[in-house]
Undergrad: 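Have a look at the structure that comes next, please.
First the proteins, then the strands, lettered A, B, ... as listed; each starts at 1. All figures in this text were calculated on a predicted structure; none of them were measured in a lab.
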There are 2 protein chains.
Amino acid sequence: MTERKSRKDAARNREAVLAAADALFTRGGSPEDVTMADVAAAAGVGKGTIFRAFGDRAGLLRALYEVRLEPVREAVETGPPPLGPAASPRDRVPALLDAVLCFKLDNRRLALALEEGGGGSPYRAEHYERWHGLLRAVLEQIPGLADSGFAAHALLAATRADLVEHLAGEERVPRERLRAQLADFVAGFLASAPPRGAAAAE
Amino acid sequence: MTERKSRKDAARNREAVLAAADALFTRGGSPEDVTMADVAAAAGVGKGTIFRAFGDRAGLLRALYEVRLEPVREAVETGPPPLGPAASPRDRVPALLDAVLCFKLDNRRLALALEEGGGGSPYRAEHYERWHGLLRAVLEQIPGLADSGFAAHALLAATRADLVEHLAGEERVPRERLRAQLADFVAGFLASAPPRGAAAAE
DNA sequence: TAGAATCCGGACTGTGGGTCCGTTTTGACG
DNA sequence: CGTCAAAACGGACCCACAGTCCGGATTCTA
């Protein structure tokens, strides 16, 4: 009942396309250099098959993205702290942003392709809205912070795929250093709301 | 001696193209919908003329961007506080970011076109490097802040053209409200470094 | 005003996303 | 197992657009 039963060749080809696209995008090189025809050839299907299954290029990218994002989403929704819902807001915010950063580090070309040529704004994508809504809600629980809606946008903007690519890929900033920098930045922002009765400096 | 003397028709056409492109990009509608042929037609020249004068689409966009950015750049480099060099770092950081935000609000479609289809990363553009270098230097002067290089990137990311477009264009957030939100966010971040001997909360 | 250097402009090319439709596969039913 | 309609296949085809090319027009120099 989950979905209309689809013909088995359709399902098989869908998987083949996803696998092929996955491989092609993971391989080094600009995401723009991977054409739909390339994907079709690598998957051993015709172009028509891809477009029927995914609608357009952006659809394919989104589908791939969702697949890869699945584990992270699960960890966030039902996992243990600090990522899961049981964590305190002050711990969860940095954990969430770190998770996003790590995801983009692990899926640079894909995230890049999706954010750049992904049709319209990345801001209309529903996966962005998920992240934003969640982050906003968590920020909301921390009193004394500025507009949490904008703050959520701004913090997420620090993990934009092309920025990550620039820093990690272009400037060769090591993964752990980048994570630390983001963590510091987030910590700085969170520090603007006094943790308790405001006991101030050390 | 500023530049090789160019033929007067070349100069005239260059201006015509800039003016036409300016008008076309300012007019509502997606920047992608403005083709080079459109610009050529509007300017009353042939396509070849545009490509000879600006190299490629990105070159035209960059040239336009520079022209529009000129006043802001001057205000930043030689203007009065809080934008100019005489301002204290704590005042100048928010002023700089506000200036960037206002600029992008005033030039939404253009900034969008440049950041999206602008060839490669926006992070390799030299105007980005100017802003980043400047912001970084100013942040550097505020003791107690996290890595100023990354912080500069992160703060600038909050003014990304597509985010601005999303908030101001899509969600109809009024200009002044957006400025206030950014200002709050920046203030929050700056507050993480104690202004003086850390007199703490109010 | 002659001649050369430079520029003009629009026809032309290459590329890649997306569509179309004749052919093939699948699965339900008798 | 044989038949048939629905669904899927695939690659030839279309189109839009960035970027190129070159014969002809324009502008500078002498």
Undergrad: Where do A:Ser192 and A:Leu145 come nearest, in terms of heavy atoms and distance?
TA: OG-CD1, 3.8 Å
Undergrad: Once each nucleotide of nucleotides 25-30 of chain C is scored for protein heavy atoms under 4.0 Å, what B/S/- sequence comes out, 5' to 3'?
TA: BSSS--
Undergrad: Whole Å only: how far is the CE atom of A:Met36 from the P atom of C:dG17?
TA: 6 Å
Undergrad: Within this structure, what is the CG-to-C1' distance between A:Asp56 and C:dG17, rounded to whole angstrom?
TA: 9 Å
Undergrad: With respect to the phosphate group of C:dG16, does any side-chain polar atom (N or O) of A:Thr35 fall under 4.0 Å of OP1 or OP2?
TA: no
Undergrad: According to the interplanar angle, ranging from 0 to 90°, do the rings of A:His166 and B:Tyr123 count as parallel (below 30°), tilted (30 to 60°) or perpendicular (above 60°)?
TA: parallel
Undergrad: Is it true that the side chains of A:Thr26 and A:Arg108 contain a donor and an acceptor less than 3.5 Å apart?
TA: no
Undergrad: Under a 4.0 Å N-O cut-off, is there an ion pair linking A:Glu15 with A:Arg12?
TA: no
Undergrad: Can you measure A:Ile50 atom CD1 to C:dT19 atom C1' for me and round it to whole angstrom units?
TA: 14 Å
Undergrad: Check this for me, if you would: do B:Asp184 and B:Arg179 make a salt bridge, where the nitrogen-to-carboxylate-oxygen distance has to be below 4.0 angstrom?
TA: no
Undergrad: Given that B:Phe51 and A:Ala10 both sit by DNA chain D, which one's nearest nucleotide is further toward the 5' end?
TA: A:Ala10
Undergrad: Over how many whole Å does the gap from B:Phe54 atom CZ to C:dC7 atom P extend?
TA: 13 Å
Undergrad: Quick check, are the ring centers of A:Tyr65 and A:Phe25 under 6.0 angstrom apart?
TA: no
Undergrad: Quick one: sort the A:Phe150 and B:Phe185 rings into parallel, tilted or perpendicular, breaks at 30° and 60°.
TA: perpendicular
Undergrad: Could you state the atom-to-atom distance from NZ of B:Lys47 to C1' of D:dA16 in whole Å?
TA: 10 Å
Undergrad: Given D:dG10, is OP1 or OP2 found less than 4.0 Å from the side-chain N or O atoms of A:Thr49?
TA: yes
Undergrad: Taking donor-acceptor contacts at under 3.5 Å, does the side chain of B:Arg52 reach the base of D:dG19?
TA: no
Undergrad: At a heavy-atom distance below 4.0 Å, what parts of residues 14-26 of chain A sit against DNA chain D?
TA: none
Undergrad: Using a strict threshold of under 4.0 Å (side-chain N to carboxylate O), is an ion pair present between A:Arg109 and A:Glu115?
TA: no
Undergrad: Whole angstroms only, please: what is the CZ-C1' distance between B:Arg57 and D:dA18?
TA: 9 Å
Undergrad: Salt bridge between B:Asp106 and B:Arg175, side-chain N to carboxylate O under 4.0 Å?
TA: yes
Undergrad: The side chain of B:Asn13 lies closest to which of these nucleotides: C:dC8, C:dG18, C:dC12?
TA: C:dC8
